[in-house]
Undergrad: 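Dropping the structure in here first, questions after.
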Amino acid sequence: QVQLVESGGGLVQAGGSLRLSCTASGNIFRVNNMGWYRQAPGNQRTLVATITSFHRTIYVDSVKGRFTISRDNARNTVYLQMNSLEPEDTAVYSCNAEVRPLTSTAYGTYWGQGTQVTVSS
């Protein structure tokens with residue numbers, strides 16, 4: 001089995017910073033793309049940023065210049081450094097990873113349980 005566990009959410013004032021972490025664990029052969037998504041109340045889950053195993057990144061326009069995604073391949077961990085946070089960034093943030101388990105030749109998509117980020121004005 002493969003599990004993704006997130007940490008680092010919380011309550012912060014506008015203009016503040018938070019760093020999210022997500023680690024994939026279990027019977028893993030390889031982790032390909034990893035990413036962060038968020039879902040605000042009443043909205044659909046949307047992409048925030050993704051990173052390939054070669055550290056190529058993609059960001060949604062609304063977070064460019066404020067958020068930085070990075071990863072540690074040796075630890076199967078992805079990070080999201082969030083600076084200059086705005087109330088509009090309030091959401092449940094979930095990590096996502098494409099993982100090839102030891103018992104399979106195919107990649108599957110796995111999700112973390114989500115962590116709440118609340119930005120007060």
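Just so you know, these numbers come straight off a predicted model, no measurement behind them.
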Undergrad: Could you tell me whether the side chains of Q116 and T118 share a donor-acceptor contact shorter than 3.5 Å?
TA: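 Side chains of Q116 and T118: pair found under 3.5 Å.
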
Undergrad: Between T90, N43, D89, T46, which is the residue that forms a side chain to side chain donor-acceptor pair (under 3.5 Å) with R38?
TA: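 Of all the options given, the one that passes is D89.
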
Undergrad: Is there a side-chain contact between Y107 and R30 (heavy atoms, below 4.5 Å)?
TA: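 Heavy-atom side-chain distance check passes, below 4.5 Å.
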
Undergrad: Is S53 close to R71 at the side-chain level, that is, under 4.5 Å between some pair of heavy atoms?
TA: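 Side-chain contact under 4.5 Å: yes.
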
Undergrad: Of all heavy-atom pairs between A14 and P87, which one has the smallest distance, and what is that distance?
TA: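 Residues A14 and P87, closest heavy atoms: CB-CD, 4.1 Å.
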
Undergrad: Is it possible for you to check whether R19 lies under 6.0 Å from the centre of the six-membered ring of Y79, through NZ or CZ, and within 45° of that ring's axis?
TA: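 Yes, R19 and Y79 form such a contact.
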
Undergrad: Run F67 and N83 through side-chain contact (heavy atoms from CB on, under 4.5 Å) and show every step you take.
TA: CA-CA 6 Å; F67 291 10; N83 298 329; over 6 Å; no

Undergrad: Locate the shortest heavy-atom distance separating T68 from Y59; write the atom from each residue and the value.
TA: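 In terms of heavy atoms, the two residues are closest at CA-OH, 3.4 Å.
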
Undergrad: Grab the two heavy atoms, one from I51 and one from S70, that are nearest each other, plus how far apart they are.
TA: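 Minimum heavy-atom contact is CD1-CA, 3.7 Å.
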
Undergrad: Would R100 pass as a cation-pi partner of F29, given that its NZ or CZ must be under 6.0 Å from the six-membered ring centre and within 45 degrees of the axis?
TA: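 Yes, R100 sits over the ring of F29.
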
Undergrad: Should I28 and V2 be marked as a side-chain contact (heavy atoms from CB on, under 4.5 Å) after you check the CA-CA gap, both sets of side-chain angles, and the distance that decides it?
TA: CA-CA 7 Å; I28 295 173; V2 175; 4.1 Å; yes

Undergrad: Checking M82 against Y93 for the side-chain contact (heavy atoms from CB on, under 4.5 Å) test, could you report, in this order, the C-alpha distance in whole Å, the side-chain angles of both residues, the deciding distance, and whether it holds?
TA: CA-CA 12 Å; M82 303 184 293; Y93 285 70; 3.9 Å; yes

Undergrad: Spell out, as yes or no, whether a donor-acceptor pair under 3.5 Å connects the side chain of E6 to the backbone of Q113.
TA: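 Yes.
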
Undergrad: Does CD1 belonging to I58 count more than 12 external heavy atoms closer than 6.0 Å?
TA: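 Not more than 12 within 6.0 Å, no.
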
